[in-house]
Amino acid sequence: MSRHAEAGVLPFVERTRTLVIGWGNPLRGDDGAGVAVAEALLQRPRAGREVLAVHQLTPELALAVAGAERVFFVDARVERLDEGICSERVMAEADGGGLSTHAGTPQALLHLAACLYDAHPEAWLFSIPARQLDVGAACSAGCRAWIEQVVREIEDRTEAVEGNCHVPV
Amino acid sequence: MSKTITIDPVTRIEGHSKITIYLNDAGEVDDARFHVTQFRGFEKFTEGRPYYEMPAITARICGICPISHLLASAKACDGLLGVRPPPNAERLRRVLHMGQTIQSHALSFFHLSAPDLLLGMDADPARRHVLGLAEAHPEIAREGVWLRMFGQQVIERLAGRRVHPAWAVPGGVSRPLDEATRDAILADVPRGLEIAERALALLQGAIPAFAAEIEAFANFPSLFAGLVTRQGELELYDGVLRFGDAKRGIVHDGIDGNDYAAYMAEAVEPWSYLKMPYYRPMGYPDGLYRVGPLARLNICERCGTPKADEALAYFRGLQPDGAVLSSFHYHLARLVEIIYCLETIDTLLRHPDILSDRVRAQAAPNCEEGVGVAEAPRGTLIHHYRVDDEGLITWANLIIATGHNNMAMNRGITQAAKTFVHGEHLTEGALNRVEAVIRCYDPCLSCSTHALGQMRIKLQLIDPEGTVVDEQAR
């Protein structure tokens, strides 16, 4: 835990071992894949795990990131569509693509958490291929399958480090 | 040879726009225009929808101030139903609105404008953003994050989610407040006040260093408009419309929201998708007025809460002989309003009936027309609907807060460009100062959908033949 967390600088954050942040726009088909993963995980609560479904990565999420030991970011991806789900380790980067009010990157958010709270959680980014992005479209069948796979993967990884700690719904 | 400078897109604002600066043959600035280049069309595509869907649909206009649209829309629907929500529903809507104003103002001050104010207008643009601020002034950035989170938590705790909740409904709100939620919010108010007051002191200390910007950032006489209570106090949720002038005289007062169209008209210019509202009795373009925090503090008699009134006294001292005219002082006005909102939340949540479960009036549509007016963080927001016998929307008019300031933003960037841009000697700092005029207004050109790609800024000098003779980009 960071020294700022110990000092009570993170007032809203319940100390979490695992944080999942899924982001995107559910009104634009597969772009909402990250949100869909988060919402599925919210239906399967675990002790010590916090799940956030958001539209964009914004600066104040640094508070939640700083309060976690590990973070799984989940987003849609419009490049490398034939590569399936990608899971990669992400690190704080001072020039990690910036952090505007519209959209930030996991790297920038991790950097902000490090600067402000001396917090350095381990982090991974799951990215899901997104082909159907029309306004008002539903998630494509292919994307729904990827979403289920990422949900299972995060469940497995959480269980591997924390054991079976599902909370009854 | 006349030339044109284009700033495209404008950065650290909500939405997409560009600025064009026109130089005359002598190479000096002749004119400048703020173009809003995105088009939404909500007024048109909501036609045919049931009235009760409007709060949820129109909240999607924006990801930063959805609560303002939610509430203005719910109020317009109250008008269609012909009901007044129960008193406790109004209290809860107000708390929600205060939370929204706090998070939006905190975003504007700490995340968007503090990099200019604390790192300097001439700082390296590669670090002149919230991450650069976090490295140079972590305590300020931390407090900005906290304050914005507080506002969002108010929204989430009351309405279930921090962006695009649908808790405010025609006739009231969908569920009452519980004791634990009330106590959780109340517990955090003192820290919010400490942060807001520290930020205010910080800005007050910085003001002398920005004398040139204060002088040139949309510093001109104009009308100011916004809601006030019937007693003339600062009002964000309801009340009556007031127009004031540059001397802090009252031009028109006590205007019922339903009568807005008698006083506000909209002109259209071919070079922008954003309309140009003006004060109808004075015509276009003489009827230029400003809205938002600066305007609200200029037209009100007092805030009505003790700490905010102390801060208002300092604000008044910036221009003792009349209204505060420089749009640079929108920043300070925002901090005064944050203090007001925190104090108001505290008062509202301590009301003895705040946990009452009587929070919704039920009715079918009784009127064919409804108007909802609220003060969004950026200014007066108007939703005006007409419905048919089935309650389906037949016509909608939305006057968005940012739109009211359109003429003032255009005149403001012209003033700033004439001061800071000199012919072909284009500096990054000058470019940023022209943009910073726009950021004073914190325009919300709508941001409810993902922005694709990285925002960049580009400045071009173009000769009459269309040839780019100079260019800067970042």
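Throughout, protein chains are lettered first and strands after them, A, B, ... in sequence-line order, and every chain is numbered starting at 1. Note that these values count all heavy atoms, side chains included, but never hydrogens, waters or copies made by symmetry. Please read all numbers here as calculations on a predicted model, not as lab measurements.
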dist Glu143(B):CD -> Leu116(A):CG (nearest 0.5 Å) comes out at 11.0 Å

Looking only at heavy atoms, which two atoms of Leu112(A) and Ala134(B) are closest? And how far apart?
CD1-CB, 3.4 Å

In terms of heavy-atom contacts, Val130(B) and Pro59(A) come closest through CG1-CG, 4.4 Å

What do the steps show when you test His111(B) against Glu60(A) for side chain to side chain donor-acceptor pair (under 3.5 Å), and what is the final call?
CA-CA 10 Å; His111(B) 296 172; Glu60(A) 61 278 6; 4.7 Å; no

So, for Pro138(B) and Cys115(A), which heavy atoms are closest and what is the spacing to 0.1 Å?
CB-O, 4.1 Å

Heavy atoms only: give me the nearest Trp146(B)-Leu63(A) pair and the separation to one decimal.
CA-CD1, 4.4 Å

State the OG1-CZ distance between Thr58(A) and Arg148(B), to the nearest 0.5 angstrom.
5.5 Å

Check Glu135(B) against Ala94(A) and note the closest heavy-atom contact, atom names and distance.
OE2-CB, 3.9 Å

